[in-house]
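Here is the structure we will look at, set down as structure tokens.
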Amino acid sequence: MPPIDEPSTGKMGSRGGSGAALGLGHQLLRRKPLALMVQESNNGAGGRSLVRSFGVLQLTMISVGATLGTGIFVILGDSVPMAGPAIFISFLIAGVAALLSAISYAEMAGMVPVSGSSYSYTYATLGEGMAWICGWCLVLEYAVSVAAVAVGAGQYVNEAVAGLGWALPEFMSQPPGSGGVMNVPAMVIVLLSMVLLMRGAKESAWVNTAIVFIKIVILLFFCAVAFTAFNIGNFDPLLPMGTAGVSAAASRVFFSYIGFDAASTAGEEAKNPQRDLPRAIMLSMVIVTSIYVLVAVAAVGAREWTWFDGTQAALVQILQEITHKPWIAAVFAIGAVLAITSVVLAVLYGQTRILVSMSRDGLVPKVFGRISAKRGTPVAGTLIVGIAVALTAGLVPLGALADATSIGTLFAFALVNISVIYLRRKRPELKRSYRAAFYPVTPILGALMCMYLMINLGGVTWVVFLLWMIVGLTAYFAYGRRHSQVAAMSQSDYETLSAAPIEPVLPIHENR
């Protein structure tokens, strides 16, 4: 693709290149040209780009690493009392909702392989206003889910040291409101992941890949042990809480699927993004859903559903009760800490890459998009996000974090499904390396299922979500609207870029 001339910004003195020359309505609806997105993906911003080093294995492991973790290790204990033995059905419902959205993600990721994930897709289709809302939801999804995952890991740290005959003081292992002052293990896990990400994306990806294989092995080990105590009678009655309980649990365990979109945030670091991103997203969903259902069936088969009420780190407790060997539970707990750490690593990675895209567009401060010449990573942005998330993980309980994460994610997923429909109608000529199967049924069902799961979340979660949106809108009008690069384009530049042809990103061995 030939270089596109740098668009004029129409700077307005002290307003710093504001898009205020546009009316508010026109600015909120102005879409970012796809051709500009792809060019930025190739060349970066300010002449410095992210390093393309990921193949399909690393991309799949980023997606699995960001998904397979706290949802099954911790949320399972909170969700079984809601659904009863039918918890595996809740996992299937949430998995279908995630899979439908994953299909839409795969089409968008193959067509627009940039680091902004659903934020970028929404910007290209629904305009700056919805893009900001989507990006703000992603900040909630990624940053808060990292904190939630770290809190879950902290619980397994306690189980691990207990199995070795030690005990962490409650004041440093629980957040305020749960009997402690600060969850230090959760904070340490976030900060270690932050340091690794600052060193380099390639190194982080290989560490993540190794840990993902470890977590799959330990979950299969749990299933092997749990099936030795399997009792089919534990599934009778299957629906003690009715279908409403299954639906409510599905909304809760949807948290377990958050993260599959992390691979789409690696669009600017993939060697062959058009080919590998769709493959990685779909493959990761198959792996994760299969393991979730298998573990849920094994756990309920080993213990009656009422046993799970009030339990934390349920899988470790089941192992200990079946084997009566504390060292086995301790080894599993250590493996679980490593497994959950990979979620922290992969999701924290995704958060920083989305902020790179938002910074490039002028909607958040430039510090988040500054790429280190030495590391090829957003070092400053990673440091800021890591410290903020570590504090959240140390001070906020898991339950509040999990529900708040789910609602933001479901909203973002719904927007991606709508984006696929929009581009199929408005830009049918665009080359797509992957096309969503059974269109338009798939994206329509994906959007509807996301909305259905959102409705089943509690009233407090909706209040938190609305407050988060109010804070986000305040931030947009205070900063983003004044610094938007797309809004600052002249009309002629905008029309030229919008009409420019889009060519695929060349594989790494051809263009680097």
Side-chain angles (χ1 to χ4, degrees), residues 6-34 36-37 40-41 44-46 112 114-144 265 268 350-371 378 380-382 384-385 388-389 408-409 411-412 414-416 418-419 465-491 493-494 497-498:
E6 191 71 26
S8 59
T9 57
K11 291 187 177 181
M12 303 178 65
S14 62
R15 295 185 67 83
S18 160
L22 284 177
L24 176 60
H26 285 92
Q27 181 170 346
L28 293 177
L29 294 174
R30 178 170 270 199
R31 297 182 290 273
K32 185 173 182 180
L34 288 170
L36 180 59
M37 286 188 179
E40 289 176 345
S41 171
V112 190
V114 296
S115 62
S117 186
S118 51
Y119 157 76
S120 295
Y121 309 153
T122 304
Y123 210 160
T125 55
L126 304 179
E128 182 170 296
M130 291 305 296
W132 170 261
I133 292 175
C134 182
W136 196 242
C137 285
L138 290 174
V139 170
L140 182 68
E141 171 192 349
Y142 281 87
V144 179
T265 67
E268 294 179 34
Q351 171 70 94
T352 59
R353 271 44 180 186
I354 288 169
L355 287 172
V356 166
S357 289
M358 297 181 74
S359 173
R360 182 186 292 159
D361 295 332
L363 300 186
V364 299
K366 293 183 181 298
V367 65
F368 291 104
R370 194 177 299 151
I371 307 299
T382 302
I384 294 169
V385 171
V389 171
T409 306
F411 187 79
L415 290 178
V416 173
I418 294 170
S419 296
F465 180 66
L466 292 175
L467 290 174
W468 181 257
M469 287 295 101
I470 291 171
V471 173
L473 290 174
T474 302
Y476 173 75
F477 285 108
Y479 186 91
R481 171 160 159 74
R482 295 166 56 86
H483 294 82
S484 169
Q485 295 298 305
V486 173
M489 291 180 190
S490 68
Q491 186 63 26
D493 283 336
Y494 178 74
L497 287 168
S498 298

Quiz item: So among Ile133, Val139, Leu138, which one has a side chain to side chain contact (heavy atoms under 4.5 Å, CB included) with Tyr119?
Solution: Leu138
Considering all heavy atoms, the nearest [X]-[Y] contact:
| X | Y | answer |
| --- | --- | --- |
| Val364 | Tyr479 | C-CE2, 3.5 Å |
| Ser359 | Pro365 | OG-O, 3.1 Å |
| Leu363 | Ser484 | CD2-CB, 3.9 Å |
| Ala131 | Thr122 | N-CG2, 3.7 Å |
| Leu415 | Cys134 | CD1-CB, 3.5 Å |
| Ser419 | Thr125 | OG-OG1, 2.9 Å |

Can you tell me how far [atom2] of [Y] sits from [atom1] of [X], rounded to the nearest 0.5 angstrom?
| X | Y | atom1 | atom2 | answer |
| --- | --- | --- | --- | --- |
| Met358 | Trp136 | CE | CH2 | 8.0 Å |
| Leu355 | Thr382 | CG | OG1 | 9.0 Å |
| Arg353 | Ser120 | CZ | OG | 14.0 Å |

Under a 4.5 Å cut-off applied to non-hydrogen side-chain atoms, are [X] and [Y] in contact?
| X | Y | answer |
| --- | --- | --- |
| Tyr123 | Arg31 | no |
| Trp468 | Cys137 | no |
| Arg481 | Leu24 | yes |
| Ser118 | Val416 | yes |
| Pro33 | Tyr494 | yes |

Quiz item: Is the backbone N or O of Met489 less than 3.5 Å from a side-chain atom of Arg30, with the two atoms forming a donor-acceptor pair by type?
Solution: yes
Quiz item: side chain to side chain donor-acceptor pair (under 3.5 Å) with Asp361: which of His483, Gln485, Lys32?
Solution: Lys32
Quiz item: When the ring planes of Tyr476 and Trp132 are compared, do they come out parallel, tilted or perpendicular, using 30° and 60° as the limits?
Solution: tilted
